[in-house]
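Notes to accompany the following structure.
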Amino acid sequence: MLEELTSKLESTFRRLRGYGKLTEKNIADSLKEIRRALLEADVNYKVVKDFVASVQKKAVGEEVLRSVTPGQMIVKIVHDEMVRLLGGTTATLKTAGIPPTIIMLVGLQGSGKTTFAAKLAKYLQKKNRKPLLVAADVYRPAAIQQLKILGRSINVPVYEEGIGDPVKIAFNAISYARQHMLDTIILDTAGRLHIDEQMMEELVKIKKRIRPHEILFVADGMTGQDAVNTASQFAERLNFDGVVLTKMDGDARGGAALSIKAITGKPIKFMGVGEKLEDIEQFHPDRMASRILGM
Amino acid sequence: SAHKKIDEDLLEEIEEILITGDVGVDTTMEIIEHLRQQAKRQKAESPEDLQKILKEELSRQLLAPPEESVTHRPYVVLVVGVNGTGKTTSIAKLAHHYKQQGKNVLLAAADTFRAAAIEQLDIWAQRLGCEIIKHQPGADPAAVVFDALTAAKARNVDYVIIDTAGRLHTKVNLMSELSKIYRVIDKQIPGAPHEVILVIDAGNGQNAVNQAREFVKAVKVNSIFLTKLDGTARGGVVLSIKRQLGIPVKYIGLGEKMTDFELFNPQEFLEGLFAKE
Ligand SMILES: Nc1nc2c(ncn2[C@@H]2O[C@H](COP(=O)(O)OP(=O)(O)OP(=O)(O)O)[C@@H](O)[C@H]2O)c(=O)[nH]1
Ligand SMILES: Nc1nc2c(ncn2[C@@H]2O[C@H](COP(=O)(O)OP(=O)(O)OP(=O)(O)O)[C@@H](O)[C@H]2O)c(=O)[nH]1
Ligand SMILES: [K+]
Ligand SMILES: [Mg+2]
Ligand SMILES: [Mg+2]
């Protein structure tokens, strides 16, 4: 069914490219199909509405109608508009003036935080950084053990205090990093729902206590319409700095990327593209736009 | 007429509710079209009438066939799904559910791949007070399953629940590994597994339809365990899965504890789907 839609959209684009002259009618028809494709790609309903409106505004503009190849113009407008919304150029990570740089990972249950913590450690290690993984998920069965196994597999130390207070663990990790000349702290936190007041408050406390340089919201790339609810709540409580989109090695179109960016304004910085620790990629807005559009 | 106008607005509102609940565009359009016809036929006048027609129709579609009485012993349950949906936690919930009926349960740690997956299931087994069969990390999952079934027969347990590694439905080799596990089970206990449960995260969007389609091909899925319904995600994609593939939801997950479990109830699910935030 998705393939069907993709090819439908492709034929829309092909038809658009072929049009000598665009009328408001065929613009409207095409926008309808674009809307449908975006919804099937899991872009949020309201985000789609705004997106289609802004494309329409540009499409009926003078420039398009006077252009020699108006169809191609629209395809370009759709794609460019999406790239623009997804963040334009690729974002990078902040580093502290005086080490250690503190990076904190947050997100819903099972989104891929712990795996990404280890991926990021490995990624930074290759850039000659000395990371420390910190086990601040004291709730999920065997979460600490999971991080320890991953850390060991890439020779990155893991700071843990067993089932303790996550705020204290995070704080104590800073002096541990200093003592051991480790320049980057990657904090793994427990998965939680955005509506779980007590658990969200815990993150706020950790943030206040350790003042991370970078808080990354780790989201499952298969997320549907709910992406806007979760991302906006995490953004409101934590004002996070960037987004990680995981499990992008499957066939999910990843419309959540557009939803999260549109709702929070925060850039997507990395993608998870597999279960192995080397399966991490920087985020490329143009590639993501093509993926969402099925082009 | 004024009435007709209100109805079109209402239909649009229903469309928005369904789409934002992850029902998907095609299914939503079909439902709206059907509703339009039914409304005319049944001379529905008020928004309440429309909602009632809709909920009755959808609830009929979502209804799972009645529970068959369990005659097999051991009754073998295979749990599958993509990464991080909640398989291992849902197994703890199912085990707890069976134990409450006075049954004894054996867990098989056939996720030998993910870091600390075995430890995770082991902790649940301790909390539940049930037996677990496990091997070393990296071991062949089919071998774990073989041992678990051997133990289950010898010890005369009621239920065996098999945890498998999360895998994306697009990974051909991982999916055929799953088919192999299925064949090993069937060979050792003909007719088993008696139930294959696909675990779906309510937060997932339309990709869940693809997941279901591929898992059905690999292991003949019988039912869905829909997790994380305690959040704001409404899990409407199960409507599309039911309509397209015929697989019913049987269980839902409402939290991280083993007691955060319920048998699926279509009416309650639809109340949640239509509850405007
Ligand atoms: N295919 C694929 N699997 C991934 C990716 N990232 C993580 N996973 C898998 O997703 C599952 C969940 O990952 P975790 O890292 O445990 O997720 P988490 O957010 O720490 O989970 P909680 O701590 O329970 O909230 C595991 O099976 C991972 O192997 C990815 O990019 N691709
Ligand atoms: N809020 C909520 N969290 C859940 C629910 N079910 C599972 N979880 C959480 O989701 C996360 C992933 O659960 P797991 O049981 O490890 O998922 P899994 O499918 O076995 O993951 P992999 O084996 O890595 O593929 C954990 O943090 C669980 O506590 C649920 O119904 N509601
Ligand atoms: K809910
Ligand atoms: Mg984790
Ligand atoms: Mg598991």
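Here is the naming used below: chain letters follow the sequence lines, and residue numbers restart at 1 for every chain. Computed from a predicted structure; not experimentally measured.
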query = Which one of A/I149, A/D220, A/V228, A/T246 has the most heavy-atom pairs closer than 4.5 Å to chain B?
reply = A/I149
message = For B/V82, which atoms come within 4.5 Å of any heavy atom of chain A: side chain, backbone, both, or neither?
response = side chain
task = Answer with side chain, backbone, both or neither: which region of B/E119 has an atom nearer than 4.5 Å to a non-hydrogen atom of chain A?
result = both
ask   = Which bit of A/Q233 is near chain B, if near means a heavy-atom gap under 4.5 Å: side chain, backbone, both or neither?
value = neither
query = Run the side-chain hydrogen bond (donor to acceptor under 3.5 Å, both in side chains) check on B/D22 and B/N204 step by step: do they pass?
reply = CA-CA 8 Å; B/D22 286 316; B/N204 271 196; over 6 Å; no
ask   = Do A/F240 and A/F234 have ring centroids that are under 6.0 Å from one another?
value = no
ask   = Between A/S111 (side chain) and A/A219 (backbone), is there a donor-acceptor pair under 3.5 Å?
value = no
request  = Keeping the roles fixed (side chain from B/T88, backbone from B/L121), state whether a donor-acceptor pair exists under 3.5 Å.
outcome  = no
task = Please work out whether the ring planes of A/F270 and A/F116 are parallel, tilted or perpendicular, with thresholds of 30° and 60°.
result = tilted
ask   = Within the distance-only criterion (no hydrogens, no angle test), does the side chain of B/R167 pair as donor or acceptor with the backbone N or O of B/A165 below 3.5 angstrom?
value = yes
remark   = Highest number of heavy-atom pairs under 4.5 Å with chain B among A/I195, A/D249, A/N44 belongs to A/D249
Residue part contacting chain B, namely of A/E275, when any heavy atom lies under 4.5 Å = side chain
task = Compute whether any side-chain donor of one residue and acceptor of the other, for B/T232 and A/H194, lie under 3.5 angstrom apart.
result = yes
Top contributor to chain A contacts, counting heavy-atom pairs under 4.5 Å, from B/T170, B/I19, B/I123 = B/I19
task = Heavy atoms only, distances under 4.5 angstrom: which of A/P141, A/A142, A/G255 has the most pairs with chain B? Name it, please.
result = A/P141
ask   = Which region of A/R35, side chain (C-beta onward) or backbone (N, CA, C, O), has a non-hydrogen atom less than 4.5 Å from a non-hydrogen atom of chain B, or is it both or neither?
value = side chain
